[in-house]
Each structure stands twice: as structure tokens, then as C-alpha cells.
Amino acid sequence: MELQSYLQKIGIINPKNIFYNLSVGKLVEHALLKNEGVLSETGAITITTGEYTGRSPEDRFIVDTENVHDFIYWGKVNKPISVEVFNKIYGRLMAYLENRDIYIFDGYAGADERFGLKVRFINEMAVQNLFVHQLFIRRNDLKDFEPDFTVIAVPNFKAQPIIDGTNSEAFVIINFEKRMIIIGGTKYCGEIKKSVFSVLNYILPQKNVLPMHCSANVGRDGDVALFFGLSGTGKTTLSADGNRFLIGDDEHGWSSEGVFNFEGGCYAKCIGLEKEKEPQIYNAIKFGTVLENVVLDENRIPDYKDASLTENTRAGYPIEYIDNALLEGKAGHPKTIIFLTADAFGVLPPISKLTKEQAMYHFMSGYTSKLAGTERGIKEPKATFSACFGEPFMPLSPLKYAKMLGEKIEEHNVRVFLVNTGWIGGPYGIGHRINLKYTRRMVEAAINGELDNVKYEVHPIFNLNMPTFIDGVPSEILNPINTWNNKEEYIKSAEDLARRFDENFKRFDGNSEIFNF
């Protein structure tokens, strides 16, 4: 369908100007002319997102229609909104867009064309259109492009909670019936990215493809590794390995032929970013990169340590900005899976090898500490459980994804490790974060097979298998009790966390047969 006809069909009648698939240079120019951001000393365009510096889970809804009602896992994560309310908001949104500039990017979500989505992004802000241009997959041949899904992001249009029944002026609404996402009231670019992820999490299991909230890389001999974890646990950092090729930093599918990236870019946290520790991410922050809420000094040099706007500072850039990225975004079946957690209690081992049953348990538990800034209202780390290490983005029952993962682990004989990137020597405020250098070495040893035949000891509370020696890592930190001055306090804290695991898992009572317990 011709673009103008398509816009009229969906209700965008009289836009002032339509800017279609502009180049990076032109989008940056438009954004600067409209005062949407400023250039940093590195050449990246730097923006502030105002009140919303992270995702707003309470403002995310799914339109409840007859065709999807029985499939959605309704609850705190997936909140229903009626067709009538959607239409009311949508009508006002279309009226708002009259006689305004709109920016359109046609791209793809999913490097495997058999399962990918054609997505049309319609943006009010040039800088958000730049973001989606950099984050999603770009292809030159767009002749006869017919979108499978449309995303309309209009930050300056706000909901009316009293009239609409929304929780605030911000909203993210997914309408599977109309194959459309509408976003308003928030400038945080992550809402666009994660709403598309949520759509894939609904569609792909129907095609026997497991969608995963994980990063992925591959070695020179084709050995693929997956890194599961919530924001801030180290997915982007640990998968950006100079000795391996990056498939993607956050979202992937696992089909009968292997894994594939959903995106064409990366969205890295950059609080505390240092060139020496994370050179690949540091060097990717250049012209064409979108920096969110990073403070600049008087010379427009980024201060990555400054968290005055938020801890959740971000950099969005295309994957080709990473030197050793696998640009085709596809590889074979994983040999190793790493579950990442940032344990604020400081009691989980830095690394432990899991049986298949333990892997399913920890996948369903999805324990970490929710780090400051990733969501509104989170000021310091807080213990949380998020099934599948991505429950906020999973429209189906977590049991569906867990069953699929278990089958793939068994079919492909995948080794699985739980890696704690959080605290040792005590809880948050007393202990300290595990040295990134040691975590990298542990992950390297897990992936290259060093840990397949080493001696293990069993943790008495968590029943986890802890290696007793890893070359390049101080042996005393491999069993976390050794890092605490007060051993009794350690045992007390570990038992408390174990109870939290048990309490959380009660919500899956009656479904333990999928774990073969």
C-alpha cells in the first residue's frame, strides 16, 4: 500500500510533513534544529527524557479482545484495557498529529526473515526516529513494504487518567487485533524497544520459536553463548567480548536452526562507563549514537559517573559500532547458557554450575536485584523475582517459555551456569560488587569448557555446585561465605534469601511437572 494511503487508513489525515527513512545525518540535523538534544564531544546526540527516565510498568496495557483474551497471562504485568478506551485515546492521538511533522522508519525486528516482523515506526520526535533507525534492523529493499505491526510514539501527547482510566498521563498500549502499539506521555526510548519485544514474545512461541531476554555471542569455532538477565546485571557488558563475535546485546529468538538477534543495535547502560573496563561500549558512543540522560560538562564531555538525572543512563547505537559484531545476527545452537543475577544480599556464589532441573528453577525464579533507575521509583537495589529474566515483557504464561527452554537445553545438551555479578563480602552497603575482571574470567572458563571437569563443592543452603578453583580468580571468593567477616550473619542472610525463593516459587505450585521434579 502506498504510504499516503496507509496513513489515511490508520487515521493520520493531514500531517504537516512526512519524513520517510531519513539518513542518520538528516535525523541528527532535524533533532538539533528542533532542540531535542545537543551534540556531545564524542559526536553522540544527547537528550534528556524528563520525568520518565526508565520504563513505567504501571502504564503498560494490552487491549483485551476476544481473540487474545484466553492467551494472555493477565495480572500485574499484563493489564487489560478495553477496546473502547483504546479507541478513545487513539482518536485524540490522531487529532493531535494533524498538521504536525511525523518521522517514519520502516525496519525489521528479527534477523531471521522467516520469523521477523516488518515494523513501521511513526514518531513525533526526530531523535526517537533516529533511535529506532539505529536499534532495529535496516534493509535497503523497502519496495512494497507492508508492515506487520505499526508503532506510533508521540511523547508530547498525554492520556487523561480521569477520563481514560489510565494510571498516569503516560501510556504504552499494545493492540494485537489492530497490530499496533501506541505510546504517549514519555520520552524514554526504551518503551519503544520493549513494546516490540513484548509483541515478539506473544507471536513467536506460536511458531515454535523461543523468544529470550538475553544477549548472545559466538566464538571463532561457532560455539554460541547466551546471557540471560534483567537490566543492569551485565548482559551487554559480558557479551561484548573482544575475543568473541557479538550476535546481539539484549533480545533473541531460538529456532530449530539456532539463535537470531531481534535487533540491529544495542541499548547499553552507561552509568560509570570507563574505557579501560568496557572499551567496546565506550568507543561506540559517537556520531549517530543516542545518549539518554547523560550529563555533559561545559565542554560537552560526557560525565558517565554523574547520576543526578538517573542511574539509568543509556546509549543506543547500531551493532556495527561494535568492532567484532556478527552483522548477520544469526548463529547456531548454544553450547552454554549464563544466568546473570546481581545479588544485593551478597550470598549467592559468583558462579555455580546448574543441573537441568536447577536451570529450570532459576529460569522461572529470575532472581536479581532491581537496580536503581531502571524503573520509576527505584532508588536503590531491591530484591526481585522476574520469571524468565524478563517477566515484564512476557504476554504469555511464564510456564510456556520455561517449558520451551527446558526442551531446548535437553535437546542440545547445553551447559548452564548461574553467575552473580552483584555483591560479595556482605550485602549492599557493606560488601562490594564483584570485580568485573574476575566475572569475565569466570564466564570465559564456563564457555570454553574449563569448568566441565573441575572439582565442585555443594552450597549447603542453595544446593549449588561451586567450582573450587578457576585460574585467574581468587579461590577464596568462589565460596561466598569466605568473603564475610561474620559467618553467622552470612548463614542468616542466605537462609533468608532461600526462603524468598521458596515463597516466590509457590505461585507455580501445581505446575512443577514441567521441571521433572
Side-chain angles (χ1 to χ4, degrees), residues 214-229 232-247 249 268-269 272-283 322-324 334-343 346-355 358-359 362 368 414-426 431-459 462 464-485 490:
C214 69
S215 59
N217 63 25
V218 58
R220 287 174 173 79
D221 63 351
D223 61 312
V224 174
L226 304 181
F227 300 79
F228 284 86
T233 56
K235 292 194 314 298
T236 301
T237 298
L238 292 169
S239 56
D241 183 333
N243 297 315
R244 296 171 64 80
F245 299 101
L246 179 69
I247 304 170
D249 84 320
K269 287 195 78 168
L273 181 65
E274 297 179 27
K275 186 175 183 178
E276 296 72 24
K277 292 182 178 179
E278 300 176 83
Q280 291 181 309
I281 297 172
Y282 188 93
N283 292 329
I322 299 292
D323 291 336
N324 60 334
K335 290 186 177 179
T336 309
I337 290 175
I338 307 289
F339 292 157
L340 298 169
T341 181
D343 174 29
V347 295
L348 286 179
I351 187 168
S352 47
K353 190 173 184 180
L354 306 180
T355 64
Q358 288 176 322
H362 284 277
T368 191
V414 185
R415 58 171 82 95
V416 186
F417 294 86
L418 178 66
V419 173
N420 175 21
T421 62
W423 284 259
I424 57 173
H432 58 87
R433 288 297 289 265
I434 295 171
N435 190 309
L436 179 60
K437 178 178 70 173
Y438 297 148
T439 299
R440 287 193 187 279
R441 176 79 268 275
M442 288 184 278
V443 167
E444 179 185 45
I447 292 172
N448 68 22
E450 286 180 48
L451 304 186
D452 289 353
N453 298 298
V454 300
K455 184 180 178 181
Y456 287 86
E457 61 177 319
V458 178
H459 193 285
F462 297 109
L464 294 169
N465 293 301
M466 305 177 293
T468 58
F469 175 80
I470 300 175
D471 188 36
V473 179
S475 295
E476 61 269 18
I477 75 168
L478 295 176
N479 187 335
I481 195 170
N482 296 330
T483 68
W484 282 54
N485 292 327
Y490 172 83

For residues [X] and [Y], determine if any side-chain heavy atom of one lies less than 4.5 Å from a side-chain heavy atom of the other.
| X | Y | value |
| --- | --- | --- |
| Phe417 | Thr336 | yes |
| Gln358 | Asn465 | yes |
| Ile424 | His432 | yes |
| Ile351 | Ile470 | yes |
| Pro350 | Met442 | yes |
| Leu464 | Leu348 | yes |
| Trp423 | Asp343 | no |
| Val419 | Phe227 | no |

Between [atom1] on residue [X] and [atom2] on residue [Y], distance to nearest 0.5 Å:
| X | Y | atom1 | atom2 | result |
| --- | --- | --- | --- | --- |
| Leu246 | Thr236 | CG | OG1 | 8.5 Å |
| Tyr282 | Lys277 | OH | NZ | 14.0 Å |
| Tyr456 | Leu451 | OH | CG | 4.5 Å |
| Asn243 | Glu444 | CG | CD | 7.0 Å |
| Arg433 | Asn420 | CZ | CG | 8.0 Å |

Taking every non-hydrogen atom, the tightest pair across [X] and [Y]:
| X | Y | value |
| --- | --- | --- |
| Ile322 | Ile281 | CD1-N, 4.5 Å |
| Asn283 | Lys275 | OD1-CE, 3.6 Å |
| Asp249 | Ala268 | OD2-N, 4.4 Å |
| Arg440 | Ala240 | NH1-O, 3.9 Å |
| Val458 | Met466 | C-CE, 4.2 Å |
| Ala216 | Ser239 | N-CB, 4.4 Å |

Judged by atom type as modelled, is there a donor-acceptor pair below 3.5 Å linking the side chain of Thr368 to the main-chain atoms of Thr341?
-> no
Among all residues two or more places apart in sequence or in another chain, which pass the salt bridge (charged side-chain N to carboxylate O under 4.0 Å, His left out) test with Asp241?
->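 With neighbours one apart ignored, the set is empty.
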Result for side chain to side chain contact (heavy atoms under 4.5 Å, CB included) between Val416 and one of Ile338, Leu354, Leu226 points to Leu354
State whether the number of non-hydrogen atoms from other residues, nucleotides or ligands found under 6.0 Å of Asn485 atom CG is greater than 12.
-> no
Determine whether more than 12 heavy atoms belonging to other residues, nucleotides or ligands lie under 6.0 Å from atom CG of Asn482.
-> yes
Considering residues at least two apart in sequence or located in another chain, which fulfil the ring-ring contact (aromatic ring centres under 6.0 Å, His included) criterion with Phe339?
-> Phe228, Phe389
What do the steps show when you test Arg441 against Asp471 for side chain to side chain contact (heavy atoms under 4.5 Å, CB included), and what is the final call?
-> CA-CA 8 Å; Arg441 176 79 268 275; Asp471 188 36; 3.9 Å; yes
For the residue pair Glu457 and Thr468, confirm or rule out a side-chain donor-acceptor distance under 3.5 Å.
-> no
Glu278/Lys269 ion pair, N-O < 4.0 Å |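 No salt bridge links Glu278 with Lys269.
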Let me see the working for Ile477 and Asn435 under side chain to side chain contact (heavy atoms under 4.5 Å, CB included), right down to the final yes or no.
-> CA-CA 11 Å; Ile477 75 168; Asn435 190 309; over 6 Å; no
Among residues two or more places apart or on two chains, list those pairs meeting salt bridge (charged side-chain N to carboxylate O under 4.0 Å, His left out) that have a residue in residues 415-425.
-> Arg415-Asp452
